Visitor: 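What follows is a structure written as structure tokens; I'll ask about it next.
Convention: sequence-line order gives letters A, B, ...; per-chain numbering from 1. Only a predicted model underlies this, so the values are computations on that prediction, with no experimental measurement involved.
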There are 4 protein chains.
Amino acid sequence: MTRIGILTSGGDCPGLNAVIRACVLRGSRDHGQEFVGILDGWRGLVEADFIDLDWMSVRGLGKLGGTILGTSRTSPFGERGEAGGVAHIKANLRSAGVDALIVIGGEGTLAAAQILSSHGVQIVGVPKTIDNDLSATDYSFGFHTAVEIATEAIDRLKTTGESHHRCMIAEVMGRHSGWIALHAGIATSAHAILIPEQKASLDQICDWVQQPFQRGRTPLVVVAEGFVSTEMTQPHSERGLDAFNRPRLGGIGDQLAPIIEERTGIETRSTTLGHIQRGGAPSGADRVLATRLGRAAVDAVKDADWGTMVASRGTDIVRVGLEESVGRLKTVPPERYDEASFLFG
Amino acid sequence: MTRIGILTSGGDCPGLNAVIRACVLRGSRDHGQEFVGILDGWRGLVEADFIDLDWMSVRGLGKLGGTILGTSRTSPFGERGEAGGVAHIKANLRSAGVDALIVIGGEGTLAAAQILSSHGVQIVGVPKTIDNDLSATDYSFGFHTAVEIATEAIDRLKTTGESHHRCMIAEVMGRHSGWIALHAGIATSAHAILIPEQKASLDQICDWVQQPFQRGRTPLVVVAEGFVSTEMTQPHSERGLDAFNRPRLGGIGDQLAPIIEERTGIETRSTTLGHIQRGGAPSGADRVLATRLGRAAVDAVKDADWGTMVASRGTDIVRVGLEESVGRLKTVPPERYDEASFLFG
Amino acid sequence: MTRIGILTSGGDCPGLNAVIRACVLRGSRDHGQEFVGILDGWRGLVEADFIDLDWMSVRGLGKLGGTILGTSRTSPFGERGEAGGVAHIKANLRSAGVDALIVIGGEGTLAAAQILSSHGVQIVGVPKTIDNDLSATDYSFGFHTAVEIATEAIDRLKTTGESHHRCMIAEVMGRHSGWIALHAGIATSAHAILIPEQKASLDQICDWVQQPFQRGRTPLVVVAEGFVSTEMTQPHSERGLDAFNRPRLGGIGDQLAPIIEERTGIETRSTTLGHIQRGGAPSGADRVLATRLGRAAVDAVKDADWGTMVASRGTDIVRVGLEESVGRLKTVPPERYDEASFLFG
Amino acid sequence: MTRIGILTSGGDCPGLNAVIRACVLRGSRDHGQEFVGILDGWRGLVEADFIDLDWMSVRGLGKLGGTILGTSRTSPFGERGEAGGVAHIKANLRSAGVDALIVIGGEGTLAAAQILSSHGVQIVGVPKTIDNDLSATDYSFGFHTAVEIATEAIDRLKTTGESHHRCMIAEVMGRHSGWIALHAGIATSAHAILIPEQKASLDQICDWVQQPFQRGRTPLVVVAEGFVSTEMTQPHSERGLDAFNRPRLGGIGDQLAPIIEERTGIETRSTTLGHIQRGGAPSGADRVLATRLGRAAVDAVKDADWGTMVASRGTDIVRVGLEESVGRLKTVPPERYDEASFLFG
């Protein structure tokens, strides 16, 4: 009987629990597999912090946000270095009688999984990124939920903007890719969508804001947290000075608001949606995707298809090499951004 | 300048207004096209009941459910027959100076569009089916919204079932295909998903109900309205006797409830979600899909790519021949149904 | 140390778990009380089916729909009769070392509680009715949630009605009182609100439907399940013939639809919201009310204020005698119904 | 025929449009009144910027967030001073043939209305405050919606906190009163609720955070924007230095997060819910309240009951003198705050 360890790593994402549930239910019912939960991502693997996961313990998890296994941003190798780290992990797996790993995580996590795989650890990956920026998968769970939450929140901002004749800015997640901003911006008919992949000048942004205002509309700007205007010397930093060398007052939305207000004369307010985009119950679409991925992962384990990850392609769930999601982000291509541009201004 | 008539036909579907808006905005801003709204589907075309649609009139429609153009299930040809009907429609279009048609509808509507196209009417189709049963498109707008609404509603039913130790049945839409039932059933961890494509016996259904009950769980059955059990002599009819030759008390859910209760001894309640699945604001995902399709439709008009329809394939929007969606439904394939079976019982 | 048994009885209602949680947290933290959960309402009391309830076991329950204790519509006395039943219950309480009872339920449950109280059982009541029809309390938990769910669902029905130029009927809960129909009807601007407390003729109803239709609006009728028109010989029955002596096709909404359609010529569709109104996560308002009531109940136990129930009055939580909620329903007074009448027609 | 001007003033609030609709429908249908919309609050009155408001123009407004009349924070008197301002306004009303005013606004707006009333302007007030801090009314529309939105958002934050073992801080609205924080905090089982009315030390807050963490729970802090800890020298200011004399990084939540993290060693994240709390569709409860208040306001006009405002008391809508809401805020009384304290820590 195969004994499988499962870990979730990186930022929280709606659907993690649905993946775990699907792995355990499918594996224990149909493949006779056994499961071990590894706590808090790589930390639990390094420290051999495991719990049993049986059928009963995962019932009802489908709609629960977050991950019952906990997560962290710990590296699997740390001070031991890669060679020492791998040996240490292998010893921990052997002691616990764990034959295979299912690793649910983003680009960094999957890169580490690939290293472990290259050292002979029997491993299958499940892509996880709320930002939808992993190559090799069309969509990733969590992303759909984030878009729905952002859409609902921005719908709300719009009526306040209209009542006060204000320009409203909504800052959404997306440090390196603008998928959430693109989708939520299209869904809410934003007059400007600002994403890391597409530079825009302050003049351009202010023009997009002024056009609808002159038609009697309320300008709406949806901006991804990683957006950088052409005038900025750097992406906004976490602390200290902002990208315009002024004391930092928050994210990019908070930085843009006073500039737009000053240049256009239109009262401007910014809201940072923040963590509400990544918590809570997954949408129906994400529960389906997560369940299908979890099922496919234990099927790959059964087939001993090591070093692969499961991915969404069209309406299918497929297996691809772990390397396909490592080393390059799936950013918004220019033609997808252009698709939205008829809404601008 | 091209003057385009737009019509929406068939059952209501969240996202229709978003398609209309995208057509008009994109077409008038980027292609110099003009737009005419055709009221209540084919009826407005037959009776030359048109309204002007300009840029201003479609702003704000993205999140509005339903269709501002109205819809109906009227046939375009009627008593005039195909030849007479086509001639009549062509005359109406000529009188109104309409050069091209964008037709948003399901299988029947697209079949009629194909006939018009074969008679030289310049036409582009947009697939619309809340049931997701059109060939040639991976997903259709409205479907995502229906799944989210059904998922939320079924989540609610589950806690009531648990409090009363009841089996809960949720009847969702799907006369000929079970996509909504499949997705909402996976999302809510149904113990049985019953769809038109897959016969199941009452014994099988009762077994799926009894298993979770014996584990102390609340059985959940998600059934598509078009499901037929192996014992049934016919699909349930609209009026009169039901498929078990008893006075009909409602849909298939209402028919199954007393049978399950009688056979298993488990108190059983059925809820028919009905029209709430097809009304109201579209989800973010459907707004994005509808907007992309509407944009692509006027681009096809600009390219004079007549007789085509726009469709979703993977992450792309593509053009296919109208005939691809006509004559055969996209039903749930057995392997997709099997994917969910590890949740059953 | 006081040892308190808690039971939930009657139909499911969002907020039951929040009451249980508040009792246990407040009681164990601030009053040194101990708690016992009585399973499935009176059944668990009669059959001595108890579980321990400590602080840890109720954490996280605030937002969970339903009741972890289960519920039933069992009578506490049954075949033993009142005298025998009371004696049996007292013996069960004594055996389990339970000093006091907190009983969460509706009119029937509170009447039984009053009988137990009159026989010396130390008892405090918490009013529970999703229909909001208990005297002595301004509002009851569950009602707010039901109104929000019904409002959202009816919002959705309206856009479908508009697209198809149909009259839409929404049947909501309310067998004996029309509070949900009144509030949801006002919230959704219904053209007719039909409640058990106010007879209306079919002529009147059809007139209310025709007026908005002639103005180009979509008629909306919100009807409580217990409504009886002046022409009806009886309230609709569960099975068999309907109130118009035709084979019964469902609830009052399903009965009205064909009649309205026939008389007005306006296509009419009915949706029965059903169990989704009483399941699932409570609204914020209901969580607050339920939490305050639960806290107040254990405070009443601490004060040995037996035979009372806690209730909402204005912004306060007060104690009243159990008898205040027994024997008469809080129906919608004519002046509250008249308040809505400017929306009609 | 009485001709009534309506204005909405101050911050946006869900339910404003429902009040406007109820005024116009009730007044025009039942009292033969006529209506004039005054644009952007007092600004429109000072500048005689009016629009016609008839029955048709307000249909469908019940669920629409914001105010179709626009709003502003302009003072009605401005440079003209009180005497000159009043005379100017009276002249504007006379010119437009407006006999009476319905003024929908908060404490400042109602104070100005009282002054106008004392100078003979025929005026009726409708209380509007999303913070629920107006004396003379039990609850105000907008507040219920804000609590529901905050509750949903905080539910989402909690699962992220649990996955990462973080302390989560949610900053909600409430500059001078903590009603939203109190209700949303109870609804989400916050381990600390921090409101302007109740000072708390950083030691106390950190203690509340550490206790649940040691039990393996995720600490949740709900803080009103106007909260001031005992160590703070001043409420947080809009710009510049914060209350701890460090460069200001945002609201009170953003200020508390690093302090809590440093003192407790628990990773802490803050989210400011911001404008999403005041925009968008009103909840069912707020639509009902707003509709009842609007209806009552035109009834007061019909009765020439000048200088009054309509208010919610228990389940009733009553009339009180405008002065009752002027000059003192309805803050959270200590006993209401104490009611929540059993959840803390």
Visitor: Test the A/R336-A/W179 pair against the cation-pi criterion, namely NZ or CZ under 6.0 angstrom from the six-membered ring centroid and within 45° of the ring axis.
Guide: no
Visitor: For the candidates A/D155, A/I149, A/V147, which exhibits the highest count of non-hydrogen atom pairs separated by less than 4.5 Å from chain B?
Guide: A/D155
Visitor: Under the salt bridge (charged side-chain N to carboxylate O under 4.0 Å, His left out) criterion, do B/E324 and B/R313 qualify, and how do the steps go?
Guide: CA-CA 13 Å; B/E324 284 201 36; B/R313 290 271 173 86; 3.3 Å; yes
Visitor: Which bit of A/L289 comes within less than 4.5 Å of chain B, counting heavy atoms only: side chain, backbone, both or neither?
Guide: neither
Visitor: Identify which of B/H144, B/R21, B/K63, B/R292 forms the greatest number of heavy-atom pairs closer than 4.5 Å to chain A.
Guide: B/R292
Visitor: Relative to chain B, which segment of A/E339 carries a heavy atom at a distance below 4.5 Å: side chain, backbone, both, or neither?
Guide: both
Visitor: Might you work through the salt bridge (charged side-chain N to carboxylate O under 4.0 Å, His left out) test for A/D299 and A/R319, ending with a clear yes or no?
Guide: CA-CA 10 Å; A/D299 289 1; A/R319 294 179 199 161; 5.7 Å; no
Visitor: Below 4.5 Å from any heavy atom of chain B, which atoms of A/R26 appear? Answer side chain, backbone, both or neither.
Guide: both
Visitor: Side chain, backbone, both or neither: which part of A/H183 has an atom under 4.5 Å from a heavy atom of chain B?
Guide: both
Visitor: Hey, are A/D305 and A/T308 close enough side-chain-wise for a donor-acceptor pair under 3.5 Å?
Guide: no
Visitor: Between A/S189, A/A296, A/S312, A/G185, which shows the greatest number of heavy-atom pairs under 4.5 Å with chain B?
Guide: A/S189
Visitor: With a 4.5 angstrom heavy-atom cut-off, is it the side chain or the backbone of B/A22 that approaches chain A, or both, or neither?
Guide: both
Visitor: Got B/V221 and B/C167 here, is their nearest side-chain heavy-atom distance under 4.5 Å?
Guide: yes
Visitor: Relative to chain B, which segment of A/F344 carries a heavy atom at a distance below 4.5 Å: side chain, backbone, both, or neither?
Guide: backbone
Visitor: Indicate yes or no for a side-chain donor-acceptor contact from B/E148 to the backbone of B/S283 under 3.5 Å, with no hydrogens or angles considered.
Guide: no
Visitor: Among B/T315, B/I317, B/D286, B/L61, who wins on heavy-atom pairs under 4.5 Å with chain A?
Guide: B/T315
Visitor: Looking only at side chains, do A/R287 and B/T151 share a donor and an acceptor under 3.5 Å apart?
Guide: no
Visitor: Is chain A contacted by the side chain of B/R59, its backbone, both, or neither, given a heavy-atom distance below 4.5 Å?
Guide: both
Visitor: Less than 4.5 Å to any heavy atom of chain B: does that hold for the side chain of A/D138, its backbone, both, or neither?
Guide: both
Visitor: As a quick check of understanding, evaluate side chain to side chain contact (heavy atoms under 4.5 Å, CB included) for A/Q210 and A/I266, giving each step before the final call.
Guide: CA-CA 8 Å; A/Q210 269 168 322; A/I266 301 167; 4.2 Å; yes
